[in-house]
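A short worksheet on the structure shown next.
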There are 2 protein chains.
Amino acid sequence: MGVFAAQGDPRRTMALLWRVPTDEPVRPGPRQSLTVNAIVDAAIAIADTAGMAGLSMRAVGERLGRTAMALYTYVADKSELLDLMYDHVHGELVADAQPNWRDGVTAWAEELFEFYLRHPWAAQVSMARPVLGPHELNLVERLLRALEPAGLRGPVVRGVVSGLTYFVQGAAAFMNDARHAARETGQSDEDWWYARSAELTTVAPDFADRYPLLTRLESDKEFDESLPYMENEARQSFTTGLRTMLDGVAAQVKAA
Amino acid sequence: MGVFAAQGDPRRTMALLWRVPTDEPVRPGPRQSLTVNAIVDAAIAIADTAGMAGLSMRAVGERLGRTAMALYTYVADKSELLDLMYDHVHGELVADAQPNWRDGVTAWAEELFEFYLRHPWAAQVSMARPVLGPHELNLVERLLRALEPAGLRGPVVRGVVSGLTYFVQGAAAFMNDARHAARETGQSDEDWWYARSAELTTVAPDFADRYPLLTRLESDKEFDESLPYMENEARQSFTTGLRTMLDGVAAQVKAA
DNA sequence: GACTATCTCCTTATGGCGTAAAGTGACCGG
DNA sequence: CCGGTCACTTTACGCCATAAGGAGATAGTC
């Protein structure tokens with residue numbers, strides 16, 4: 001399951017997301033020494049390098065020279081912070097429509113894929129309760145703009161949008177997981193695979209008989225030796241998978 | 001990022017996964033009062049109802065009338081337990097090839113989708129370090145068997161396999177997240193959406209101008225009133241998304 | 001039948017998490 | 001200068017996985 005955002009009081013969170021000026025009356029008491037922005041930036045920096053698992057209120061506070069509890073004057077809770085982080089990074093995405101829908105959608109997908117590699121944690125935020133911030137909405141709007149020239153009907157568009165999103169997110173998550181596992185365990189994809197496959201042959205000597213197609217598929221791989229095993233796999237799958245999906249869209253275009 | 005399995009000592013885990021009899025010599029000390037199977041079953045029951053977040057060693061132990069630490073004589077750690085759970089539930093999957101590749105692949109995808117709805121936690125296990133148990137491998141082998149009549153080349157097959165997997169997993173995860181959020185917060189999709197969209201219009205009064213395509217797409221939905229909002233969305237997206245992907249595969253078939 | 005090695009399972013402890021509750025001191029309007 | 005209000009801290013609670021060590025059961029050996 002994805003990590004959840006969009007859980008708290010919608011009024012508060014929405015005002016922060018859309019930067020609605022909430023001109024509070026001047027009050028007694030000490031001035032604030034932080035800003036929501038600084039907190040969001042710090043949290044993003046931590047999540048980018050340490051992953052979602054490394055993102056804790058304590059860590060964010062420490063990076064800013066404060067305690068975890070100090071953050072709660074700026075942000076309702078961790079999930080609201082995540083909302084803000086999520087929408088903020090989506091501001092990086094800018095790819096827009098092309099005359100040819102296929103070029104536009106390809107650019108959209110590739111940009112999003114690279115984005116998820118830069119911000120692995122963003123690929124883990126659930127889409128079931130979208131954040132509804134300006135930048136997240138922009139991402140969808142731009143995909144719709146790219147698809148526009150294809151002239152698909154509403155239900156098909158929805159299927160294509162979610163299909164593409166799942167695909168890009170899944171492919172990026174695969175790659176991120178592979179990298180994370182390699183880093184975390186200190187075991188490269190190759191080392192891991194070597195140890196496991198050796199064990200496989202002793203534990204299932206009839207492997208080639210039980211899984212003939214898997215065996216064959218595994219044997220005719222072409223490797224780019226300069227990349228880790230799984231990166232290679234993920235990149236190639238992304239490219240050919242995306243091409244196949246776009247062929248499917250093209251078929252729907254002709255059908256319309 | 002996915003939750004990781006396949007992290008520990010491959011020899012131990014593989015032996016358990018493939019049920020290799022490890023006839024240990026008779027030893028002194030008290031007899032074991034549990035079995036690995038009982039632990040795996042208990043853990044699956046917990047994860048099915050309480051989700052990955054509710055799956056804790058304490059909870060599994062408690063369900064069996066033991067402490068958390070008692071489990072460690074049967075299982076190396078939580079990730080090994082997850083390996084065993086993951087492969088065990090995959091034994092439920094049986095759909096196999098059809099004369100027509102399209103029927104076979106459709107059946108495969110639909111069965112897997114329903115499977116992930118039964119076992120939401122299974123959709124969160126990372127594929128970057130596959131468990132390599134017999135049932136998980138069977139799942140892939142059966143998809144390859146279903147695709148066989150299409151006669152695609154290796155690299156294309158790999159793209160299609162991962163594309164389909166990401167798609168099914170993403171669609172199911174979306175649905176699971178929506179259900180989980182509704183249950184967890186006590187707020188139905190409709191309530192949630194109502195509160196958020198009301199806030200959206202006050203915070204972004206120019207919404208329809210900034211996001212014209214999104215606005216239009218949202219307005220021409222057809223609802224099945226008997227289903228929750230997101231379920232409806234997810235089911236429809238799954239159906240039309242799958243059709244589009246298969247059209248893409250069909251295009252590759254013709255190209256070959 | 002007693003002894004000892006070895007195993008299962010328990011209790012306890014460590015260091016993490018989000019965040020509730022309560023305390024400390026700074027700042028403002030009057 | 002005082003009283004109210006706020007920013008931020010400390011402490012505490014109940015979770016988590018699991019390391020460490022202790023209690024008691026069971027087997028083989030004498």
Side-chain angles (χ1 to χ4, degrees), chain A residues 1 3-5 7-9 12-13 22-39 42-43 46-47 50-85 121 124 184-185, chain B residues 1 3-5 7-9 12 22-36 38-39 42-43 46-47 50-85 121 124 184-185:
Chain A
M1 154 167 14
V3 176
F4 278 101
Q7 299 282 54
D9 173 21
R12 249 204 75 122
T13 307
T22 58
D23 41 15
E24 311 240 338
V26 183
R27 296 192 176 286
R31 304 279 77 182
Q32 295 192 330
S33 67
L34 292 176
T35 63
V36 174
N37 259 338
I39 292 173
I46 289 171
M52 191 70 97
L55 177 70
S56 72
M57 300 300 274
R58 283 168 168 86
V60 177
E62 192 168 1
R63 170 176 266 258
L64 296 165
R66 298 294 127 85
T67 64
M69 293 309 293
L71 308 178
Y72 285 87
T73 35
Y74 299 88
V75 131
D77 57 15
K78 194 183 178 182
S79 97
E80 185 175 272
L81 174 56
L82 195 60
D83 283 1
L84 300 174
M85 294 166 61
W121 54 273
Q124 296 170 58
E184 197 77 358
T185 63
Chain B
M1 155 165 14
V3 175
F4 279 99
Q7 299 281 54
D9 172 22
R12 248 204 75 122
T22 57
D23 43 14
E24 313 240 339
V26 182
R27 297 193 176 287
R31 306 278 78 183
Q32 297 192 330
S33 65
L34 293 176
T35 63
V36 173
I39 293 172
I46 290 171
M52 192 70 97
L55 177 70
S56 71
M57 300 299 273
R58 282 166 166 85
V60 177
E62 193 167 2
R63 172 176 265 258
L64 296 165
R66 296 295 126 86
T67 65
M69 292 311 290
L71 307 178
Y72 286 86
T73 37
Y74 300 87
V75 134
D77 57 15
K78 195 182 176 181
S79 96
E80 185 174 273
L81 175 56
L82 195 59
D83 283 0
L84 300 174
M85 294 166 61
W121 54 273
Q124 295 169 59
E184 197 77 358
T185 64

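Per chain, numbering begins at 1; letters A, B, ... match sequence-line order. Bear in mind that the values here come from a model prediction, so they are computed numbers and not experimental data.
Here A:Met57 contributes atom CE and A:Ile39 contributes atom CD1; the two are 8.0 Å apart, rounded to the nearest 0.5 Å. Atom CG of A:Leu81 and atom OG1 of A:Thr13 lie 11.0 Å apart (nearest 0.5 Å). Remark: A:Glu80 CD to A:Met85 CE distance equals 13.0 Å, nearest 0.5 Å.
Using a 4.5 Å heavy-atom cutoff, the side chains of A:Leu82 and A:Leu55 are in contact. For the pair A:Tyr74 and A:Leu34, the minimum side-chain heavy-atom distance is below 4.5 Å.
When the local axes at the two ends of the helix from C:dG1-D:dC30 to C:dG30-D:dC1 are compared, using 5 base pairs at each end, they differ in direction by 20° after rounding to 10°.
The distance between atom CG of B:Leu34 and atom C1' of C:dC10, rounded to the nearest whole Å, is 14 Å. We find that CD of B:Gln32 is positioned 11 Å from C1' of C:dC9, with the value rounded to whole Å. We find that CE of B:Met52 is positioned 15 Å from C1' of D:dA17, with the value rounded to whole Å. C:dC17 atom P lies 17 Å from atom CG of A:Asp77, rounded to whole Å. Atom CG of A:Leu71 and atom P of C:dC17 are 13 Å apart (whole Å). Distance CD1 (A:Ile39) to C1' (D:dC8): 12 Å, rounded to an integer number of Å. Atom CG in A:Leu81 sits about 10 Å away from atom P in C:dG18, given to the nearest Å. Per the geometry, CD belonging to A:Glu62 stands 13 Å off P belonging to C:dG18, to the nearest Å.
Mapped onto DNA chain D by nearest heavy atom, B:Met57 and A:Arg66 fall at different nucleotides, with A:Arg66 at the one closer to the 5' end.
Residue A:Thr73 places at least one side-chain N or O under 4.0 Å from the OP1 or OP2 atom of D:dC8. An OP1 or OP2 oxygen of C:dG18 is reached within less than 4.0 angstrom by no side-chain nitrogen or oxygen of A:Tyr72.
Listed here is the closest heavy atom pair of B:Val60 and B:Ala42: CG1-CB, 4.3 Å. Scanning all heavy atoms of the two residues, the minimum distance from A:Arg12 to A:Ala76 falls at NH2-N, 3.6 Å. In this structure, A:Ala38 and A:Leu64 approach most closely via the heavy-atom pair O-CD2, 4.1 Å. Residue B:Gly54 comes nearest to B:Ala59 through the heavy atom pair O-CB, 4.0 Å, listed as atom of the first residue, atom of the second, then distance.
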Reading nucleotides 10-15 of chain D from the 5' end, what letters show protein touch, with B for base, S for backbone sugar-phosphate only, - for no heavy atom under 4.0 Å?
B-B---

Scoring nucleotides 24-30 of chain C by protein non-hydrogen atoms under 4.0 Å (B base, S sugar-phosphate only, - none) yields -BBBB--

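In this structure, A:Ala70 reaches the bases: a heavy-atom distance under 4.0 Å links it to at least one base atom across the strands shown. Among the atoms of the strands shown, only primed sugar atoms or phosphate atoms (P, OP1, OP2) are found under 4.0 Å from some heavy atom of A:Leu55.
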